[in-house]
Amino acid sequence: MSDPTHDRPRTWEEGGPERLYVITSGRSVAAEDGPLDVVTLIVTKKDVPGSGMQPEHAAIIHICDYPLSVAEISAYLHLPVSAVTVLLADLLESGHVEARAPIPAASLPDVELLEAVMHGLQNL
Amino acid sequence: MDSRISEPVLGPRSEDTLPASVTTAVKVVIVGGFGVGKTTLVGAVSEIRPLTTEETMTQAGAGVDDIAGVERKTETTVAMDFGRITLSDELVLYLFGTPGQQRFWFLWNGLFEGALGAVVLIDTRRLEDSFDVMCRLEERGVPFVVAINAFPDAPSYPMSELREAMDIPDTVPLIDCDARSRGSSRDALLTLLRYLHTLTTTPPESR
Ligand SMILES: Nc1nc2c(ncn2[C@@H]2O[C@H](COP(=O)(O)OP(=O)(O)OP(=O)(O)O)[C@@H](O)[C@H]2O)c(=O)[nH]1
Ligand SMILES: [Mg+2]
């Protein structure tokens, strides 16, 4: 179904470079500097009003009622991870969302963590 | 302009939400050549239908001044599939399937960083694809296991021959896998985890 009288552009499937430039106001976050990983979990903070914000920001707040990884946000919004990272930096700064950081990059992970992953897989 | 109706962004279905108590996310990367079964493996073990995230690859012409921004760059979109397994109330595992060909290596930045390790999926009809991948993972210090996804018309070699042909160190696990099977795919992940456990608990000099 389409509604030609509806004038708000459908943003989510138009991930062209110009469109992304507008969404992120031309900013970018260098991957190696940003604290966000593709599996950083993002959760909306309940007590912050989200009125009057950019639709992309509002969409993130809307879908992150329960924890979602940066990769999942990217998939649901049809935006590249690099664009989502910029939007999330805004929302983290304004206190609308919180990030649950993934395990930091270490040469070798913690034994207890590995055992927890193995245990979980064995129970599948 | 696009005149389609503006739908609200659809988030996860209610059955696809993570428990609010989840605090830790880890990732494992499934890497291999074209059509080797990466998406199939992710889909076989994932609790959610695999999702797709896209990244754009910008190719500026050699010697083009990027700052001037006059030169038109070519943008290629590359899709990456991923799935998810909730392991406990606090812990979730994400699986990313990523292409192994050299032209996609730009995707690896940020993907392998912080990853527990990788499963290199191999199709014995195209061994050469995987050779570069393994070298590259070694360079990056990413621990990996090698899983042979057996296709019916693929030649079958003894493991020892494959290991030698592909120059896989004796310490690196090499296993058979059916990416369509949940059990077999899970076992490939368990093989990786056991290997990582050994690496972590064994002092380097005694390996
Ligand atoms: N017989 C057999 N077929 C398989 C197996 N694994 C995958 N396939 C089939 O091989 C085809 C390619 O599998 P995909 O999972 O899409 O491979 P991929 O690595 O994600 O492919 P690209 O993302 O295109 O590089 C599909 O038609 C699968 O059904 C297997 O273990 N045995
Ligand atoms: Mg695929």
Side-chain angles (χ1 to χ4, degrees), chain A residues 1-17 20 31-32 37-41 43 55 59 62-69 71-72 74-82 100 102-111 113-124, chain B residues 1-12 17-20 22-28 45 48 51-56 58 73 75 77 80 82 84-88 90-94 96 109-111 113-117 141 143 182-183 186 189-190 193-194 196-197 199-201:
Chain A
M1 285 266 287
S2 77
D3 177 5
T5 62
H6 205 291
D7 60 7
R8 222 177 111 212
R10 184 188 161 95
T11 56
W12 311 110
E13 292 189 352
E14 295 177 49
L20 293 178
E32 53 272 26
D37 188 275
V38 282
V39 297
T40 302
L41 297 172
V43 197
H62 170 69
I63 66 173
C64 290
D65 265 348
Y66 285 90
L68 276 186
S69 62
E72 281 164 300
S74 157
Y76 288 122
L77 264 59
H78 300 287
L79 286 173
V81 168
S82 52
R100 297 178 185 169
I103 296 306
S107 52
L108 284 173
D110 180 45
V111 177
L113 176 68
L114 291 176
E115 284 168 358
V117 175
M118 272 195 277
H119 188 251
L121 285 172
Q122 271 152 356
N123 289 340
L124 270 193
Chain B
M1 269 314 277
D2 197 298
S3 62
R4 276 172 300 171
I5 192 161
S6 175
E7 292 154 20
V9 171
L10 293 176
T17 55
L18 282 174
V22 168
T23 52
T24 305
V26 291
K27 58 183 169 179
V28 161
V45 284
I48 56 170
L51 293 168
T52 305
T53 169
E54 291 183 345
E55 202 48 86
T56 46
T58 308
K73 295 177 212 152
E75 302 262 351
T77 304
M80 197 160 54
F82 66 98
R84 195 185 77 194
I85 306 172
T86 305
L87 297 170
S88 74
E90 286 105 43
L91 182 61
V92 60
L93 168 65
Y94 286 90
F96 289 85
N109 301 323
L111 185 60
E113 225 168 290
L116 296 178
R182 181 178 160 91
R186 183 200 66 163
L189 294 173
L190 271 171
L193 265 297
R194 290 200 192 96
L196 295 172
H197 193 268
L199 288 180
T200 310
T201 51

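Just so we're on the same page: letters track the sequence lines, and every chain starts at 1.
Only the backbone of B/Thr52 has a heavy atom closer than 4.5 Å to any heavy atom of chain A. The contact between B/Leu190 and chain A is made by backbone and side chain atoms together, counting heavy-atom distances below 4.5 Å. Interface residue B/Leu189: backbone and side-chain heavy atoms are both found under 4.5 Å from chain A. Residue contact with chain A, scored on non-hydrogen atoms closer than 4.5 Å, involves the backbone of B/Pro19 exclusively. For B/Arg84, the part sitting under 4.5 Å from any heavy atom of chain A is the side chain, from C-beta outward, and nothing else. Contacts between B/Ile85 and chain A at a heavy-atom distance below 4.5 Å involve the side chain alone, from C-beta outward.
Of the listed residues (B/Ser88, B/Ala20, B/Pro12, B/Gly183), the one with the most heavy-atom contacts under 4.5 Å to chain A is B/Pro12.
Contact between A/Gly120 and B/Leu87 at its shortest, heavy atoms only, is C-CD2, 3.6 Å. A pairwise comparison of heavy atoms in B/Gly110 and A/Val38 identifies O-CG2, 4.3 Å as the closest pair. Taking all atoms of both residues into account, the shortest heavy-atom contact from A/Ile63 to B/Gly11 is CG2-CA, 3.4 Å. Scanning all heavy atoms of the two residues, the minimum distance from A/Asp37 to B/Glu113 falls at OD2-O, 3.5 Å. Contact between A/Gln122 and B/Arg186 at its shortest, heavy atoms only, is O-NH1, 3.3 Å.
At a threshold of 4.5 Å between non-hydrogen side-chain atoms, the residues A/Leu121 and B/Leu93 count as touching. Looking at B/Val22 and A/Tyr66, their side chains never come closer than 4.5 Å, going by heavy atoms from C-beta outward. The side-chain heavy atoms of A/Val117 and B/Leu196, taken from C-beta on, include no pair separated by under 4.5 Å.
Note: A/Glu72 CD to B/Ile48 CD1 = 5.0 Å, rounded to the nearest 0.5 Å. A distance of 7.0 Å separates CG in A/Leu113 from OG1 in B/Thr24, rounded to the nearest 0.5 Å. Here the CG atom belonging to B/Leu91 is positioned 11.5 Å from the NE2 atom belonging to A/His119, to the nearest 0.5 angstrom. For the atom pair A/Leu114 CG and B/Thr201 OG1, the distance stands at 9.0 Å (nearest 0.5 Å).
Side-chain atoms of B/Glu54 and A/His78 include no donor-acceptor pair closer than 3.5 Å.
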